[in-house]
Amino acid sequence: MTDPAITRTETDEFIADSARVGEAFLGKYLVATTSGSSGRPGVFLMSRDEMHTASAVAGGEMNRQLIRRLVRSAAIVRLLRGRRRIASVIPTGGHFAMYSVWKSGSDGAETKRRAIHAGDPLPDIVDALNEFRPAGLVGCAGTVYMLANEKEAGRLKIDPGFIQLLGEGLPEDQFTKVESAFGAVTVDTYACTEAPGLSHSCTEGWHHVHTDSVIFEPVDSLHRPTPPGERSHAVLLTVLYRRTQPILRYELADSVLQRPDPCPCGSRYPAFRVQGRTWDILETADGRPVALAQFILLALRRRVDGVRLIQLEQVSPSHMQIRMEAQEGTDPEGLWTAVLRELPDLFAENGLGHFTFSRSDERPEFSPSGKFRYFQKSL
């Protein structure tokens with residue numbers, strides 16, 4: 001930290017009090033914590049000026065695109081008819097970045113803005129949204145994808161004009177499903193606590209990183225530059241506006257593919273797609289990487305009907321436990337039979353035939369910050 005008034009002891013005391021979420025620490029800093037998916041929770045502080053810079057850079061570009069698309073579509077009518085009520089389905093159980101930002105801008109009134117805890121049971125989230133009837137929906141990408149299934153099933157009855165996805169992005173087919181289910185103008189904002197507003201999606205299905213506020217370096221496992229057109233092992237991130245807590249070549253465990261040519265959407269920002277989290281990737285017997293979450297489990301959904309949520313936990317070098325939740329109206333035992341039959345075949349087709357699988361009676365787990373991991377390791 002560059003401000004000597006900030007101490008870890010006082011910061012920890014502040015974080016321990018959930019009633020202070022969104023309050024300015026020392027009168028001038030927004031505090032945000034991560035869920036510790038990499039093994040240790042992070043604590044990040046930003047001054048008001050730094051927050052304003054992040055919002056101006058990211059929000060300005062995204063909002064310009066959003067307004068243009070709304071004006072050109074019938075979705076603008078739904079936004080106005082809904083009196084601009086915005087529902088945010090985000091983690092509300094602590095000083096997580098999404099909730100801290102929401103609280104810092106809230107006046108306590110919930111007539112126009114409402115936060116709904118992303119960790120609540122899905123039926124409860126659906127009921128809360130049906131009661132509030134938002135004109136716009138903001139939420140963790142994985143949660144909004146599950147809500148798209150609820151919309152298609154007829155249980156979710158909201159009709160938002162726009163949707164903003166938060167967090168680590170969605171695979172292209174899941175993003176398309178969200179757009180199709182809601183018929184809303186949808187923007188995917190891939191970002192992280194370290195760099196809020198890191199990027200936004202375009203109409204061509206690519207993300208554009210805001211390189212006037214960050215340095216974004218795709219690298220291999222030895223931190224050597226990965227050229228455009230090749231999938232990286234990770235990304236090194238430098239955030240140019242963070243002066244209270246400098247972020248310099250900070251490793252994000254995201255495998256990305258940077259587009260080698262200009263994006264047809266016309267944006268001059270570099271375009272990329274997230275290929276998977278580093279810990280979501282397994283290696284085949286010949287060393288070829290497989291992005292587990294985005295390919296194998298999505299392929300399983302295409303082969304087996306009735307899966308609402310599925311999560312794999314690697315408990316040994318060659319064994320996976322399966323946590324699963326069935327859609328309503330599906331025979332659970334029949335679904336388990338189908339999954340335990342198809343999943344080994346899918347792994348084998350991707351060069352991972354040495355894995356065995358067992359059924360777990362535990363439900364799929366969300367992280368404390370509301371993120372859902374298709375794949376976990378507990379080796």
Side-chain angles (χ1 to χ4, degrees), residues 35-39 41 89 91-94 116-128 139-150 152-153 155-156 167-168 170-171 174 276-277 279-282 290-350 352-379:
S35 59
S37 54
S38 60
V89 184
T92 62
I116 299 167
H117 183 37
D120 284 344
L122 192 60
D124 292 350
I125 297 175
V126 169
D127 289 344
C140 302
T143 303
V144 175
Y145 173 70
M146 288 186 286
L147 290 171
N149 292 325
E150 298 299 294
E152 288 186 338
R155 292 181 287 270
L156 182 61
E168 54 205 48
L170 283 179
Q174 292 189 10
R277 289 268 163 167
W279 51 79
D280 284 347
I281 296 175
L282 294 179
V290 176
L292 187 72
Q294 295 193 20
F295 298 116
I296 296 180
L297 292 183
L298 293 176
L300 177 69
R301 285 176 176 272
R302 289 191 287 269
R303 294 192 186 186
V304 179
D305 291 330
V307 176
R308 171 177 280 173
L309 283 178
I310 189 165
Q311 187 175 62
L312 300 183
E313 181 178 9
Q314 186 178 4
V315 295
S316 79
S318 61
H319 186 72
M320 299 274 188
Q321 285 189 344
I322 308 170
R323 299 189 188 102
M324 187 172 66
E325 184 176 318
Q327 293 180 5
E328 291 185 14
T330 301
D331 172 31
E333 293 305 318
L335 184 61
W336 271 113
T337 299
V339 167
L340 289 169
R341 179 183 66 244
E342 295 291 341
L343 198 54
D345 289 346
L346 278 168
F347 266 65
E349 290 167 14
N350 285 275
L352 299 167
H354 60 288
F355 278 97
T356 58
F357 302 87
S358 62
R359 170 178 173 174
S360 172
D361 292 330
E362 296 179 359
R363 295 183 61 190
E365 298 177 349
F366 283 78
S367 74
S369 64
K371 293 180 181 178
F372 180 74
R373 303 284 185 214
Y374 289 96
F375 177 54
Q376 298 180 335
K377 291 182 180 179
S378 59
L379 299 176

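The residues of the chain are indexed from 1 along the displayed sequence.
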## Note on the structure
CZ (Phe357) and CD (Gln321) are apart, to the nearest 0.5 Å, by 12.0 Å
### Message
Just verifying a value: how many Å separate Arg341 CZ and Leu346 CG, rounded to the nearest 0.5 Å?
### Response
11.0 Å
#### Entry: Leu335 side, atom CG; Ile310 side, atom CD1 - distance, nearest 0.5 Å
8.0 Å
### Point-to-point distance, once rounded to the nearest 0.5 Å, from OG1 of Thr337 to CD of Glu342
11.5 Å
### Task
Output the distance between atom CG (Asp345) and atom CG (Leu340), rounded to the nearest 0.5 Å.
11.5 Å
### Query
Knowing that exactly one of Glu362, Met324, Glu325, Arg323 qualifies, which makes a side chain to side chain contact (heavy atoms under 4.5 Å, CB included) with Gln311?
Arg323
#### Entry: More than 12 heavy atoms of other groups within 6.0 Å of Arg363 CZ
no
### Leu312 vs Phe347 side-chain heavy atoms within contact, under 4.5 Å
yes
### Summary
Heavy atoms of Arg155 and Val126 approach each other most closely as O-CG1, 3.4 Å
### Task
Starting at CD1 of Ile125, measure out to CD of Glu150 and round the result to the nearest 0.5 Å.
9.5 Å
### Message
Is the shortest side-chain heavy-atom distance between Arg359 and Ile322 below 4.5 Å?
### Response
no
### Message
Between Leu300 and Val339, does the side chain to side chain contact (heavy atoms under 4.5 Å, CB included) criterion hold? Intermediate values first, please.
### Response
CA-CA 8 Å; Leu300 177 69; Val339 167; 4.2 Å; yes
### Query
Which atom pair, heavy atoms only, marks the closest approach of Thr330 to Gly306?
OG1-CA, 3.6 Å
